[in-house]
Number of protein chains: 2
Amino acid sequence: MSRRSGVLEFAVLGLLRESPMHGYELRKRLNTSLGVFRAFSYGSLYPCLKALVQRGWLVEEPSGQPEEQQPGRAQAASRAQAGSLAGRRAKIVYRLTAEGKEHFEDLLSQTGPDTWEDEHFGVRFAFFGQTSRDVRMRVLEGRRSRLEERLAKMRASLARTRERLDDYTLELQRHGMESVEREVRWLSELIESERNGTERAERQGRETGPDRPAPGPSDNTDT
Amino acid sequence: MSRRSGVLEFAVLGLLRESPMHGYELRKRLNTSLGVFRAFSYGSLYPCLKALVQRGWLVEEPSGQPEEQQPGRAQAASRAQAGSLAGRRAKIVYRLTAEGKEHFEDLLSQTGPDTWEDEHFGVRFAFFGQTSRDVRMRVLEGRRSRLEERLAKMRASLARTRERLDDYTLELQRHGMESVEREVRWLSELIESERNGTERAERQGRETGPDRPAPGPSDNTDT
DNA sequence: GTTAGCATGTAAGGAGTTACATGATTTT
DNA sequence: AAAATCATGTAACTCCTTACATGCTAAC
């Protein structure tokens, strides 16, 4: 029962929305696309898929990689016993149902306080491509003010305890604060560039807007 | 039963080593000193404390803040039923035993592959003040090469999939990689300054922050 | 005299991992 | 023919959180 993950569930629905996939591939995408932030194992993925099927958001489809099978009819005959799920071991492809799609869009439109917490924010951002602009803005701004709160607390506690702490603890705190400050600046840039993007494409319905080309003039892939 | 936390256990022993404390205070220290990285609730802290007592690494000591109690005898009499742990509600102070101290020092000297993983590294670093220099070096270098591995994987996967990803996913990955690169640079500076050891601090040109105290020759336990 | 903060605990459960178990297909 | 990788799954366990339950004490 359960397996009501939240993050994992959201990511699975989001990835399957782009195209049907089987579990193994799904997991790789999960751990690269959304990679730095979370990694999942089969032990959580497969039960989650089953649960999503039971709720009617996914359907399982057996697959023997149809495209590659057409030329190989002679070979296929030799192990034809396997029936319709011939060839390779019943690779189960999961596909999003209409209800699943609707449910995912509901999730996408949520802007509750959870959405900008550490565990959720990364995955929310990863699917910003399918998210409406106003939701994007609320999530980005929510996260920023969450982080600013955190910074304020850190600064206060640092001011109170500075003298009692040894150098390493201090350095750890300093580095932590710097990281948070850096994320705040990043968010501010993103928010700015969302604001400037307002020119064309004023439709903010939940239509999946692929009309949003660049989140800023950020082109930085060096080394 | 269990409650063999690892991180929480380590942090509790480490904090109690500095001075005895009761649970409530301990939790505050846990969530500020080691703050950005982890936060713990009473629901995990108190059972952990009990478990550590059972293993003989801590002892409980009742405390009614003795200094303030002497003048208040008349009032205390009215609720004298509470017996020897009078006054405020039996505040339980936890103190590290000799065995606990020894055990903590064992933990401090460990340099297994776990120690530089995300969950452990922060808390290990927080207690570097009590850690011997060679262990510090191994942990810092271990973490750095762990992160470099991760960077290599990210770069490879990015090169493979760059065209298929939308702008937000790309931006997420870029920011993630930048964060990891930043931590690598931070580690390299720390490693440098550990190497220079006795030399005193030199600081690289780094305009971002105020002054860098540069954890220098802080005294440590040697073997 | 009531809110806010100090202080300690427990039961239930959520979210995920590890280790195991199995077998097919591709590469060397 | 061995090794690597693809592929799917389950059971047991870990670690931690939430929500609850309780009561003291300081301050407004």
Side-chain angles (χ1 to χ4, degrees), chain A residues 1-12 21-31 37-51 53 60-65 68-69 72 75-76 78-79 81-82 85-94 114 117-120 123, chain B residues 1-12 21-31 37-51 53 60-65 68-69 72 75-76 78-79 81-82 85-94 114 117-120 123:
Chain A
M1 278 298 141
S2 70
R3 298 304 167 193
R4 318 189 75 270
S5 159
V7 173
L8 179 52
E9 190 179 296
F10 184 88
V12 165
M21 260 179 277
H22 56 270
Y24 193 87
E25 197 184 344
L26 204 42
R27 191 209 175 216
K28 277 200 304 190
R29 299 278 306 263
L30 233 35
N31 294 197
F37 306 95
R38 309 212 65 169
F40 295 99
S41 59
Y42 299 121
S44 41
L45 176 56
Y46 284 116
C48 172
L49 285 168
K50 298 269 158 159
V53 167
E60 298 185 342
E61 292 176 339
S63 151
Q65 279 177 337
E68 286 167 312
Q69 224 178 335
Q75 292 150 11
S78 67
R79 43 174 130 78
Q81 224 41 289
L85 29 98
R88 24 176 89 238
R89 177 214 188 144
K91 197 150 77 171
I92 299 172
V93 170
Y94 291 89
D114 280 6
E117 288 304 313
D118 293 333
E119 330 83 81
H120 293 58
V123 88
Chain B
M1 289 307 112
S2 67
R3 297 301 169 195
R4 316 191 76 273
S5 160
V7 173
L8 180 51
E9 191 179 297
F10 184 87
V12 165
M21 261 179 279
H22 57 268
Y24 193 86
E25 196 186 343
L26 205 42
R27 191 209 176 214
K28 277 200 303 191
R29 298 279 305 263
L30 232 36
N31 293 198
F37 306 93
R38 308 212 66 169
F40 295 99
S41 58
Y42 299 120
S44 40
L45 176 57
Y46 284 116
C48 172
L49 285 168
K50 297 268 158 164
V53 168
E60 298 184 341
E61 292 176 340
S63 150
Q65 282 174 335
E68 287 166 311
Q69 218 180 334
Q75 291 147 16
S78 66
R79 42 175 131 77
Q81 223 45 283
L85 28 100
R88 20 176 89 234
R89 178 212 190 146
K91 198 149 79 169
I92 299 170
V93 171
Y94 291 90
D114 281 5
E117 288 305 314
D118 292 334
E119 329 84 81
H120 293 59
V123 85

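Protein chains get the first letters and strands the later ones, always in sequence-line order, with residue 1 at the start of each. These numbers come from the heavy atoms of this one structure, side chains and all, not from hydrogens, waters or symmetry mates. None of these values were measured; they are calculated from a predicted model.
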Earlier contact from the 5' end, DNA chain C, for Y42(A) and E25(B):
E25(B)
Side chain of [X], heavy atoms from C-beta onward: which of [options] has the nearest atom to it?
X      : options                  : value
V7(B)  : dG9(D), dC6(C), dC16(D)  : dC16(D)
L8(A)  : dG16(C), dC16(D), dG9(C) : dG16(C)
Y46(A) : dT8(C), dT17(D), dG9(D)  : dG9(D)
K50(A) : dT17(C), dT17(D), dG9(D) : dG9(D)
S44(A) : dT17(D), dT17(C), dA7(D) : dT17(C)
S41(B) : dT8(C), dG9(D), dT18(D)  : dT18(D)

Starting at [atom1] of [X] and ending at [atom2] of [N], how long is that distance when rounded to a whole Å?
X       : N       : atom1 : atom2 : result
I92(B)  : dC6(C)  : CD1   : P     : 18 Å
N31(A)  : dA7(D)  : CG    : P     : 15 Å
D114(B) : dT14(D) : CG    : C1'   : 14 Å
H22(B)  : dA7(C)  : NE2   : C1'   : 7 Å
Y94(A)  : dA7(D)  : OH    : C1'   : 11 Å
F10(B)  : dC16(D) : CZ    : C1'   : 19 Å
Y24(B)  : dA4(C)  : OH    : P     : 14 Å
L45(B)  : dG9(C)  : CG    : P     : 10 Å

Let's go through L49(A) and I92(A) carefully: what are the C-alpha distance in whole Å and the side-chain angles of both, what is the deciding distance for side-chain contact (heavy atoms from CB on, under 4.5 Å) to 0.1 Å, and is it a yes or a no?
CA-CA 11 Å; L49(A) 285 168; I92(A) 299 172; over 6 Å; no
Could you tell me whether the side chain of V93(B) reaches within less than 4.5 Å of the side chain of E60(B), counting heavy atoms only?
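In short, these two side chains do not touch, never coming nearer than 4.5 Å.
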Hey, is the side chain of R27(B) poking within less than 4.0 Å of OP1 or OP2 on dT8(C), counting only N and O atoms?
no
Check the pair V53(A) / Y94(A) against side-chain contact (heavy atoms from CB on, under 4.5 Å), numbers first and verdict last.
CA-CA 9 Å; V53(A) 167; Y94(A) 291 89; 3.8 Å; yes
Between L8(B) and V123(B), does a side-chain contact (heavy atoms from CB on, under 4.5 Å) hold up when you go through it step by step?
CA-CA 9 Å; L8(B) 180 51; V123(B) 85; over 6 Å; no
Kindly indicate whether a cation-pi arrangement holds for R27(B) with Y42(B), taking the cut-offs as under 6.0 Å to the six-membered ring centre and within 45° of the axis.
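Yes, R27(B) and Y42(B) form such a contact.
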